[in-house]
Colleague: 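This is the structure I have questions about; it appears just below.
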Amino acid sequence: GWRSNDVNILLGPDVYVNASVAGAGTAPEQVANRVLGNQKSRSKTTEWILARTRGMLEAHPNFVNDNLEPHMARIRELVDVVELDVELEVDDWKGALFESAKAADVTRVVTDHPDLADKDEIDGIEFLSTDAWLIEQQTPPPPPPGAAKKA
């Protein structure tokens, strides 16, 4: 089906964090559930993304640190970690997410990072916000060419 491109996306660290902290019903939580809960194919990620997720959760005032290890373990159970051939700076979100997407062989990154969300694309990698991704998932596919409506 047309939704099978769910696995063609990489979740940014902020999506994992916001899904963990903001709670049920929020756009990040819905995206994380849809992507990570896909039984047919596992989502990919990188150690940079997991390390940023962990660091952000540790620093978050609403996240109980006793939950950190089990929470990170749970995320790891749901994803396949791909290796990166390049060194990444901790704060270089654009470069790191771009390289992570290339390593994961995906063309789309979902992130609400203010510098990246809905930035269109960088060298063939498309960046979109959790809201934009959800809207896209709820929009029916266009009719096939030549499917003119009968009056």
Side-chain angles (χ1 to χ4, degrees), residues 1-139 141:
W2 65 286
R3 287 175 197 258
S4 60
N5 66 359
D6 284 10
V7 297
N8 191 25
I9 67 168
L10 190 75
L11 298 180
D14 60 298
V15 177
Y16 290 105
V17 171
N18 292 337
S20 307
V21 176
T26 60
E29 188 264 347
Q30 289 184 54
V31 171
N33 278 347
R34 286 279 282 282
V35 174
L36 299 178
N38 185 336
Q39 298 304 313
K40 289 187 230 59
S41 52
R42 290 163 61 89
S43 180
K44 293 186 177 121
T45 195
T46 61
E47 290 295 348
W48 184 91
I49 291 172
L50 293 173
R52 294 303 302 143
T53 300
R54 189 178 201 292
M56 290 163 70
L57 283 172
E58 268 178 332
H60 203 291
N62 297 341
F63 191 81
V64 180
N65 276 333
D66 292 351
N67 297 341
L68 189 62
E69 294 312 324
H71 190 71
M72 292 308 299
R74 176 87 182 109
I75 290 173
R76 280 184 184 275
E77 284 169 18
L78 297 171
V79 295
D80 289 331
V81 178
V82 294
E83 295 294 318
L84 286 165
D85 300 333
V86 289
E87 280 294 308
L88 299 173
E89 296 295 319
V90 167
D91 293 325
D92 180 15
W93 279 62
K94 186 158 76 174
L97 289 176
F98 175 78
E99 293 296 339
S100 294
K102 283 199 332 197
D105 196 28
V106 300
T107 56
R108 314 180 85 200
V109 176
V110 177
T111 178
D112 290 325
H113 190 287
D115 296 341
L116 294 172
D118 299 320
K119 277 289 182 256
D120 299 328
E121 65 173 67
I122 302 168
D123 289 336
I125 305 293
E126 182 185 5
F127 289 84
L128 62 170
S129 67
T130 52
D131 284 338
W133 189 82
L134 283 173
I135 289 166
E136 179 184 288
Q137 295 305 299
Q138 292 158 3
T139 305

Colleague: Considering non-hydrogen atoms only, spot the tightest contact between E58 and N65 and give its length.
Modeller: CA-OD1, 3.5 Å

Colleague: Is R76 salt-bridged to E47, going by a charged N under 4.0 Å from an acidic O?
Modeller: yes

Colleague: Could you walk me through whether E136 and L128 satisfy the side chain to side chain contact (heavy atoms under 4.5 Å, CB included) test, starting with their C-alpha distance in whole Å, then the side-chain angles of each, then the deciding distance to 0.1 Å, before giving a yes or no?
Modeller: CA-CA 10 Å; E136 179 184 288; L128 62 170; 4.0 Å; yes

Colleague: Quick one: pull up CZ in R52 and CH2 in W93 and give me the separation to the nearest 0.5 Å.
Modeller: 6.5 Å

Colleague: Given the rule in the side chain to side chain contact (heavy atoms under 4.5 Å, CB included) test, do V106 and I9 qualify, once you have shown the distances and angles that lead to the verdict?
Modeller: CA-CA 6 Å; V106 300; I9 67 168; 5.8 Å; no

Colleague: Between atom OG of S129 and atom CD1 of I135, what is the distance when rounded to the nearest 0.5 Å?
Modeller: 7.0 Å

Colleague: Atom CZ in R108, atom CH2 in W133: separation rounded to 0.5 Å?
Modeller: 9.0 Å

Colleague: Judged by atom type as modelled, is there a donor-acceptor pair below 3.5 Å linking the side chain of E29 to the main-chain atoms of G25?
Modeller: yes

Colleague: Closest heavy-atom contact between L10 and A104?
Modeller: CD1-CB, 4.0 Å

Colleague: Inspect the surroundings of CD in E87 and state if more than 12 heavy atoms from other residues, nucleotides or ligands are less than 6.0 Å away.
Modeller: no

Colleague: What heavy-atom pair brings I49 and G12 nearest, and what distance separates the two atoms?
Modeller: CG2-C, 4.4 Å

Colleague: If you look at every heavy atom in P28 and D112, which pair is closest and at what distance?
Modeller: CG-OD2, 3.9 Å

Colleague: Kindly compute the distance separating OG1 (T130) from CG (N18), expressed to the nearest 0.5 Å.
Modeller: 7.5 Å

Colleague: Flag the pair E126 / T107 as yes when at least one side-chain heavy-atom distance between them is below 4.5 Å, and no otherwise.
Modeller: no

Colleague: Pair E99, W48 - check side chain to side chain contact (heavy atoms under 4.5 Å, CB included), show working.
Modeller: CA-CA 10 Å; E99 293 296 339; W48 184 91; over 6 Å; no

Colleague: Between atom OH of Y16 and atom CG of D14, what is the distance when rounded to the nearest 0.5 Å?
Modeller: 10.5 Å

Colleague: If you draw a 6.0 Å radius around CD in E89, do more than 12 non-hydrogen atoms from other residues or ligands fall strictly inside?
Modeller: no

Colleague: How about L11 and L36: do any of their side-chain heavy atoms sit closer than 4.5 Å?
Modeller: yes

Colleague: Of the non-hydrogen atoms in V15 and T111, which two are nearest, and what is the gap between them?
Modeller: CG2-CA, 4.0 Å

Colleague: Quick check: do K102 and D123 have side-chain heavy atoms less than 4.5 Å from each other?
Modeller: no

Colleague: Heavy atoms only: give me the nearest S100-T46 pair and the separation to one decimal.
Modeller: OG-OG1, 2.9 Å

Colleague: What distance do L116 atom CG and F127 atom CZ have between them, rounded to the nearest 0.5 Å?
Modeller: 5.5 Å

